[in-house]
2 protein chains.
Amino acid sequence: ILELVGATRVHGEGVRAVRALDEVDLTVRMGELVAVMGPSGSGKSTLLNLAGGLDTPTAGAVRLAGEALSDLDAKGRAALRRRRIGYVFQDLNLIPALTAAENVSLPRELDGVRLRKARREALVALEQVGVGHLADRFPDELSGGQQQRVAIARALVGPRRLVLADEPTGALDSVTGEAVMRVLRARVDAGAAGLLVTHEPRFAAWADRTVFLRDGVLVDSTADDQP
Amino acid sequence: ILELVGATRVHGEGVRAVRALDEVDLTVRMGELVAVMGPSGSGKSTLLNLAGGLDTPTAGAVRLAGEALSDLDAKGRAALRRRRIGYVFQDLNLIPALTAAENVSLPRELDGVRLRKARREALVALEQVGVGHLADRFPDELSGGQQQRVAIARALVGPRRLVLADEPTGALDSVTGEAVMRVLRARVDAGAAGLLVTHEPRFAAWADRTVFLRDGVLVDSTADDQP
Ligand SMILES: Nc1ncnc2c1ncn2[C@@H]1O[C@H](COP(=O)(O)OP(=O)(O)OP(=O)(O)O)[C@@H](O)[C@H]1O
Ligand SMILES: Nc1ncnc2c1ncn2[C@@H]1O[C@H](COP(=O)(O)OP(=O)(O)OP(=O)(O)O)[C@@H](O)[C@H]1O
Ligand SMILES: [Mg+2]
Ligand SMILES: [Mg+2]
């Protein structure tokens, strides 16, 4: 379970201070996919970065399975991120010097999984999102949508308990996008908690509920957030 | 006027050869916006890279205002790209060490435009796409959608005769996306030729016609391509 309690993030100080996220309370249970929508600049990526321990809140708390992320040291947070949390970043973040399969298997290899097993898992994940045949290409030999699907495969490989996806279908046509959502949904149905940022209503429809951000504040939600 | 005649692009050789674009004929007139749609990996970005002289065709010709791009030397092509052609790349390509305004004014400064005038033009272009207030931020201080709008402003500033936009609204919600399309359309109505890659039918609707790519081949078009 993921819990954000009064999560606030301010960039800069004094006159230049920008309140990117303001007192956000959000709970996401295992097996639940929550969509986050809102205009450009409303705080969606900031919310995902705090939820995944990639950024630290200026105020408030972020808890994963009851444990406050701020109580962990840098090493503990890095292990949690590598093992438990899968990310699809808005700017993809693929390593140009590694092939598609190597990009996907890297988090598993860092976790001590043997090379042959990590590669097998990577090929299965790439196959699931329709780019298995491109496993041995480098990122700059792939189209934008193919690169995005490699990033999705990387986020889903291994025992992820929390999946954070920032516009995972941004560069995809609707047929390819549906295929990606099916894989993401199956992962959540198998027990992970999921947060999906999207501006496409037809993809938000795959979520159990949708919350709306405006200027850093959660202004609405399609279902009651309080259990 | 932009003309592609038998434009073909093959990556790699022998067994690993990939035919990204295959014998594409396409004419785009001044004042005309043509949308390009097609599944992920179908050759859309390849088409835009050839049209803008960023990549050289393996076979066939690309002509801009009657002049074959292959007849120009590297310096001539670079000057043409800087002065006449505006690009919005799929991976944005903003320079992290420059502010939003500096990223937008750079092509003009390289062309010998004085700093104060280049900055004034940059501020107007940023204002048009709704991010004028973020002119002095660096790219990593902006959200994904805000960065995309900076890239669009850079493509439109100055006397562009050809505008190439690869999913310019990919990271934008529909309200912000409409605002961007309005600016792009106005630029084309003022006399530029425009090529727009999008997978969103509602944005393709802003174009005069749409062509469809599948496995590198132009398979369909919403209006007669022959004049
Ligand atoms: N350097 C390269 N080496 C080998 N193949 C390549 C290279 N660059 C692109 N390709 C292949 O060429 C094909 C066309 O790529 P392109 O980037 O034009 O697709 P696209 O239509 O823009 O897709 P998307 O919607 O995913 O951005 C793809 O199958 C891609 O894998
Ligand atoms: N390092 C930073 N310094 C200052 N402001 C920042 C910084 N990073 C983000 N911001 C601001 O915080 C706000 C929220 O950004 P965020 O990236 O969360 O938006 P978003 O909802 O993901 O938008 P998009 O849909 O465009 O990706 C934006 O107004 C942005 O300009
Ligand atoms: Mg974002
Ligand atoms: Mg592309």
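Letters A, B, ... are given to chains in the order of the sequence lines, protein chains preceding strands, and every chain is numbered from 1.
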> Just give me the residue among S45(B), G41(B), G177(B) that pairs up with chain A most often, heavy atom to heavy atom, under 4.5 Å.
G41(B)

> Could you measure the distance from the CG atom of N103(A) to the CG atom of N93(A)? Nearest 0.5 Å is fine.
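With rounding to 0.5 Å, CG (N103(A)) is 9.5 Å from CG (N93(A)).
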
> Chain A: which of R149(B), E167(B), M37(B), Q147(B) shares the most heavy-atom pairs with it under 4.5 Å?
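Heavy-atom pair counts peak at R149(B).
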
> Can you find a pair of side-chain heavy atoms, one from L92(A) and one from Q148(A), that are under 4.5 Å apart?
yes

> Relative to chain A, which segment of S40(B) carries a heavy atom at a distance below 4.5 Å: side chain, backbone, both, or neither?
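It is both, since atoms from each part get that close.
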
> Would you mind telling me which of V18(A), T176(A), L172(A) has the largest number of heavy-atom pairs within less than 4.5 Å of chain B?
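Option with the top pair count is L172(A).
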
> Quick one: side-chain contact (heavy atoms from CB on, under 4.5 Å) partners of A51(B), sequence neighbours excluded?
L2(B), L4(B), L164(B), L195(B)

> Any carboxylate oxygen within less than 4.0 angstrom of a Lys/Arg side-chain nitrogen, looking at R185(B) and D208(B)?
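Result for this pair is yes, salt bridge flagged.
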
> Which bit of V131(B) comes within less than 4.5 Å of chain A, counting heavy atoms only: side chain, backbone, both or neither?
neither

> Picking from P39(A), G43(A), S174(A), S42(A), which has the most non-hydrogen pairs under 4.5 angstrom with chain B?
P39(A)

> Run the side chain to side chain donor-acceptor pair (under 3.5 Å) test on T46(A) and N49(A) for me, step by step, so that the C-alpha distance in whole Å, both residues' side-chain angles and the decisive distance to 0.1 Å come before the verdict.
CA-CA 5 Å; T46(A) 304; N49(A) 289 339; 5.7 Å; no

> Quick check on E141(B) against chain A: is it the side chain, the backbone, both or neither that has a heavy atom closer than 4.5 Å?
side chain

> So for Q146(B), is it side chain, backbone, both, or neither that comes closer than 4.5 Å to the heavy atoms of chain A?
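Both parts, heavy atoms under 4.5 Å.
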
> Where on E200(B) is there a heavy atom nearer than 4.5 Å to chain A: the side chain, the backbone, both, or neither?
side chain

> Given that the side chain runs from C-beta out, which part of T169(A) has a heavy atom under 4.5 Å from chain B: side chain, backbone, both or neither?
backbone

> List for me each residue that meets side-chain hydrogen bond (donor to acceptor under 3.5 Å, both in side chains) alongside R160(A), sequence neighbours excluded, and say none if there are none.
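Listed in chain order: nothing, the list is empty.
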
> Please name the pair of heavy atoms, one in V28(B) and one in A193(B), separated by the smallest distance, quoted to 0.1 Å.
CG1-CB, 3.8 Å

